Amino acid sequence: MEASSGANPSRWQREINNILEVQIARYPFLVQMRALMRQLQDERANWPVLLPLLFVFFVLVYRNERKKVKRLLRHLAE
């Protein structure tokens with residue numbers, strides 16, 4: 001007996017989910033990415049605040065690291 005509702009997945013959907021769980025568990029990076037995706041879904045209501053904040057943080061860190069690289073390149077060129 002197959003149920004098409006999301007609360008009670010069919011047998012093949014459970015089997016596919018189990019296969020995916022096993023394959024994901026084989027690679028630690030994928031486990032971390034999956035956890036991150038779940039956390040992002042949980043914070044979906046806060047995305048209008050979080051995404052601009054993450055963007056600003058990214059830009060500041062990028063500029064700081066870029067300055068360090070340029071300084072190092074200048075030092076090596078001398």
Side-chain angles (χ1 to χ4, degrees):
M1 183 181 296
E2 288 188 13
S4 61
S5 71
N8 189 9
S10 66
R11 181 173 181 236
W12 70 269
Q13 287 172 326
R14 287 192 311 268
E15 289 178 4
I16 288 177
N17 286 339
N18 291 338
I19 291 169
L20 288 174
E21 291 284 338
V22 169
Q23 293 303 313
I24 287 172
R26 293 177 67 191
Y27 302 99
F29 177 74
L30 292 178
V31 174
Q32 293 171 358
M33 290 304 299
R34 186 167 185 213
L36 177 65
M37 292 305 295
R38 284 183 178 171
Q39 289 173 349
L40 286 175
Q41 289 299 325
D42 291 342
E43 296 296 329
R44 191 174 192 109
N46 299 326
W47 280 12
V49 174
L50 289 177
L51 293 179
L53 185 64
L54 285 174
F55 178 73
V56 168
F57 181 73
F58 170 78
V59 169
L60 292 174
V61 170
Y62 175 80
R63 287 182 179 173
N64 189 25
E65 292 297 320
R66 188 68 187 152
K67 285 179 189 175
K68 288 180 184 177
V69 168
K70 285 184 178 182
R71 192 177 317 128
L72 179 64
L73 288 174
R74 259 187 266 121
H75 178 68
L76 291 175
E78 294 175 354

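Worth saying up front: this structure is predicted, and the values here are computed from it rather than measured. We use all heavy atoms of the structure for the numbers below, so side chains are in, but hydrogens, waters and symmetry mates are not.
Checking side-chain atoms of N18 against main-chain N and O of R14 turns up a donor-acceptor pair under 3.5 Å.
In summary, of the residues considered (Y62, F57, F55), a side-chain contact (heavy atoms from CB on, under 4.5 Å) with V59 occurs for F55 alone.
Side-chain contact, R38 with Q41: no donor N or O sits under 3.5 Å from an acceptor N or O.
Both L51 and M33 are part of a single hydrophobic cluster, where members link through side-chain heavy atoms under 4.5 Å apart. Tracing side-chain contacts under 4.5 Å through hydrophobic residues (I, L, V, M, F, W, Y), one reaches L20 starting from W12; they form part of the same cluster. A continuous path of hydrophobic side-chain contacts links L40 to F29 [ILVMFWY only; heavy atoms under 4.5 Å].
In this structure, the separation between CG on L36 and CD on Q32 is 9.5 Å, given to the nearest 0.5 Å.
With sequence neighbours excluded, the residues satisfying side chain to side chain contact (heavy atoms under 4.5 Å, CB included) with K67 are R71. Remark: E78 pairs with no residue by the salt bridge (charged side-chain N to carboxylate O under 4.0 Å, His left out) rule, at least two apart or across chains.
Taking all atoms of both residues into account, the shortest heavy-atom contact from P48 to A45 is CD-O, 3.6 Å.
Proximity of K68 to N64: side-chain heavy atoms (C-beta onward) are separated by under 4.5 Å at one or more points.
Counting side-chain heavy-atom gaps under 4.5 Å among Ile, Leu, Val, Met, Phe, Trp and Tyr, the cluster of V69 also holds L73.
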